[in-house]
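Note sheet for the following structure.
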Amino acid sequence: MSVLVRASLFALLAPLFALAVDKNSDTISGEELRSAAVELGQQIDAARTEGNTSESVEHWLRVCKALDQRAREARQRAEAAAGENEQALERLYRSSSWGGLNFALAASRYWQSWLYLDRFALTASPSDLSAARHGFQTTLVLIVYPGLVRGSWLGLGYVALAEDDLPTARAWFDRVALQDDALADIARREIELISALEQPTVAALDKLDAATADALEAEALALLERHGKSLDGARAAAERLRQLEAAGELTPERVKRLLVFRNEVIGQPVGPVGYLVSAEDALDNAQYYTAVEKFAAFFAALDEERAAAFVDYRLRYADALLLSGLYERSIAELAPRMDQLADQVTAHSLLHVAHAMRFAAQGGAPRREAYRQAADKAGDAGATFSRQLLGGNLQAASAQAKKAKREENPWFLRLPAFELVYREFGSTASTAALRNAQAKLGLQLVQQFDRQTRRLPWVRLATAELQAQLEPDVQRLGAQLDKLADDFTREGIDMNDALMRIRLDYLKQRDPAQLVEMLRTLQPPLSDELGLQLLATVLPCNETGWCLPATRQLLRIYPPGSDARLAVQLERIRLLSATGRDMDSYTESRVMVADYPHSGDAWRLYALSCERVGRAGDADEAYARLTKGVPLGSAVWEEAQLARLHLRLGAGAEQEACALRQTVLQHPATLAKLDDVLADRGVSCLLPDKLL
């Protein structure tokens, strides 16, 4: 690297270096450290591409160590600030800032390893090579940072090359080369160099008969078995497996036997089956996202005939998708192939769990029906629970849940049982008795969660809603919700709107008068969520005694001209009319049309209010205004025209009634209805009509 290039890189990194080494930067955040680590990696990579010198290596090592120190200090400060507060610690460990701190530490160690490798190339010091190996090996356990892990595989390959250990180097490079990116290209180039130094151990054959295929498999398995004693065992086995793959002889039966040696096969270039071996290994080691990636690559590499031969591995793929929370993709994998799968019991159980997860997450009548159908076809304990839950047999569902907990039934334990009960509780239009039973079952299930899960905000909120269904004491429930609100506030979690929804629903059922009093305490402006929730709770109250005072409070809350205020005014005027307060209804509706001159609902309600107080002329004008704002010939337009006709006939204004015919000439069906009314009343419109 030239002096000029090095100087420009150092200048570009100056702000980062200052951030990393500033002894007074006690307020540095995890996000800032993450950004610093990313930028540092880009700069070191650029410097290595240009060619590091002893000077630049030492510079980057100082920056890495300074960043590492800053991250460690920031982590210690964050933990000290949380103290012994379990909630604060939980929130810290789940925060993006904590993730940023850990990433900065991992990235610093990773780049130091590459720099030690560079320094070894300059100094040939064994300690530098040992430090590089140790750093890369430490990074391998950080599966949450797959980019660093793959880079460490590559680094360990170069460490092995430096030690003249060609088989080990090939193994690491082969792992990197499985994917298709720039890193894999580097690894493939290194593999080609290694292959040029090695003598092939087996000649490739164009065709394989059954005996030859069996012999190649036996040799491959034997080589894999002795891989621990001879490092070239896996490589030599891979040559034979590739021949089997090329001839189409690497059948599911052979692969099943091969999976015993998955650790030796992983990283070897054996064709699509290599993806399958990696997927199986990842799934068994709870690396679900990696398993999904490898299964997808495996099936994508197969033609239709080969994919049909390996169809039963779709169950494992679907399982990996489910365990990754990808239930939609799991359904898409299973549903079209159910008749092709040999293990129908497992297939139906997996499909049932996938539909259950989708319904629990998204709700909706179509998803509920698909979930019900899947439960009907599955025969495990989880499906039995689902059938009992959806059928309203909550007592049996409760017994099933207790039994499954004792027996640790795998299919039941994989079912999102609590979420399903909560979804049914919130969506079903059922009796109070059934909702009570659902609430009891939900509270039973939440007790099966570990303490960490029970402390999740959404679980605590759902638990409070279930408890509200069963709590008869208004004051006690209010105190419980107040405490939960205080807890959330201390934890920095905003759940005020959600808690208010629980209060509103509870008071509407238990003590509507107190609901009105609570509305008096609300001050505008409200959040959009709470504003909508108030409308949903209060407006469908029909003609109960608490509705009118509730609407009065809502009018105080919603701003003039808003759609929400119009909805409240419409409901209030209907209630006034329904309770015989016609003059109040007329007075408020007249104000409403002045505020909302373009609302058809407002003009219609105003017209009805005018009729009730005997103001036929105002009602006629209101209906006329309504007809101008709706489509010609629509049901509302026709209703308004007929209402005007009855008003004029009721007032004895027959000539004016006849004149209405002129306004509906363009719609013969409505004209016929007007003529029928006129005929029934004995009115003959023989003179020319006059427009009003």
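Numbers here simply count residues along the sequence, with the first being 1. Remember, it's a predicted structure, so these values are computed and weren't measured experimentally.
- Relative to the six-membered ring of Tyr371, Arg358 misses at least one condition, a distance below 6.0 Å or an angle of at most 45° to the axis.
- A side-chain contact (heavy atoms from CB on, under 4.5 Å) with Leu241 is found for one member of Val255, Leu216, Leu250, Val273 and no other, namely Leu250.
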Candidate pair Phe385 and Phe412, rule ring pair (Phe, Tyr, Trp, His ring centres under 6.0 Å), full reasoning: CA-CA 8 Å; Phe385 173 86; Phe412 179 83; 5.2 Å; yes

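- Using a 4.0 Å cut-off between a side-chain N of Lys or Arg and a carboxylate O of Asp or Glu, Glu491 and Arg460 qualify as a salt bridge.
- Residues that satisfy the side chain to side chain donor-acceptor pair (under 3.5 Å) test with Arg329, not counting sequence neighbours, are Tyr317.
- Side-chain contact of Glu249 with Gln243: a donor-acceptor pair under 3.5 Å is absent, judged by distance alone.
- A distance of 9.0 Å separates NE2 in His348 from CG in Leu341, rounded to the nearest 0.5 Å.
- Here Arg455 does not pair with Asp450 in a salt bridge; the nearest charged N to carboxylate O distance is not below 4.0 Å.
- Here the CD atom belonging to Glu465 is positioned 10.5 Å from the CG atom belonging to Leu499, to the nearest 0.5 angstrom.
- Using a cut-off of 4.0 Å between Lys/Arg side-chain N and Asp/Glu carboxylate O, Glu529 and Arg501 are scored as not salt-bridged.
- Between Phe418 and Phe449, the angle of the ring planes goes over 60°, which puts this pair in the perpendicular group of the 30/60° scheme.
- A distance of 10.0 Å separates CD in Glu253 from CD in Glu217, rounded to the nearest 0.5 Å.
- Ion pairing of Arg306 with Glu245 is present here, as a side-chain N (NZ or NE/NH1/NH2) and a carboxylate O approach within less than 4.0 Å.
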Test log, rule salt bridge (Lys or Arg N to Asp or Glu O under 4.0 Å), inputs Arg314 and Asp343: CA-CA 11 Å; Arg314 298 276 183 179; Asp343 188 352; over 6 Å; no

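- The residues Arg34 and Glu31 are annotated as not salt-bridged, no charged nitrogen and carboxylate oxygen being separated by less than 4.0 angstrom.
- Considering only heavy atoms from C-beta on, Leu326 stays 4.5 Å or farther from Leu322 through its side chain.
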From CA spacing to verdict: salt bridge (Lys or Arg N to Asp or Glu O under 4.0 Å), Arg414, Asp319: CA-CA 11 Å; Arg414 292 187 62 178; Asp319 202 15; 2.5 Å; yes

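- The pair Asp473-Arg510 does not count as a salt bridge, with every side-chain nitrogen at least 4.0 angstrom from each carboxylate oxygen.
- Under 4.0 Å is where a charged nitrogen must lie from a carboxylate oxygen, and between Glu333 and Arg337 at least one such pair does.
- By the 4.0 Å N-to-carboxylate-O rule, Asp281 lies too far from Lys294 to be salt-bridged with it.
- Between Asp486 and Arg490, no side-chain nitrogen of the basic residue sits less than 4.0 Å from a carboxylate oxygen of the acidic one, so the salt-bridge criterion is not met.
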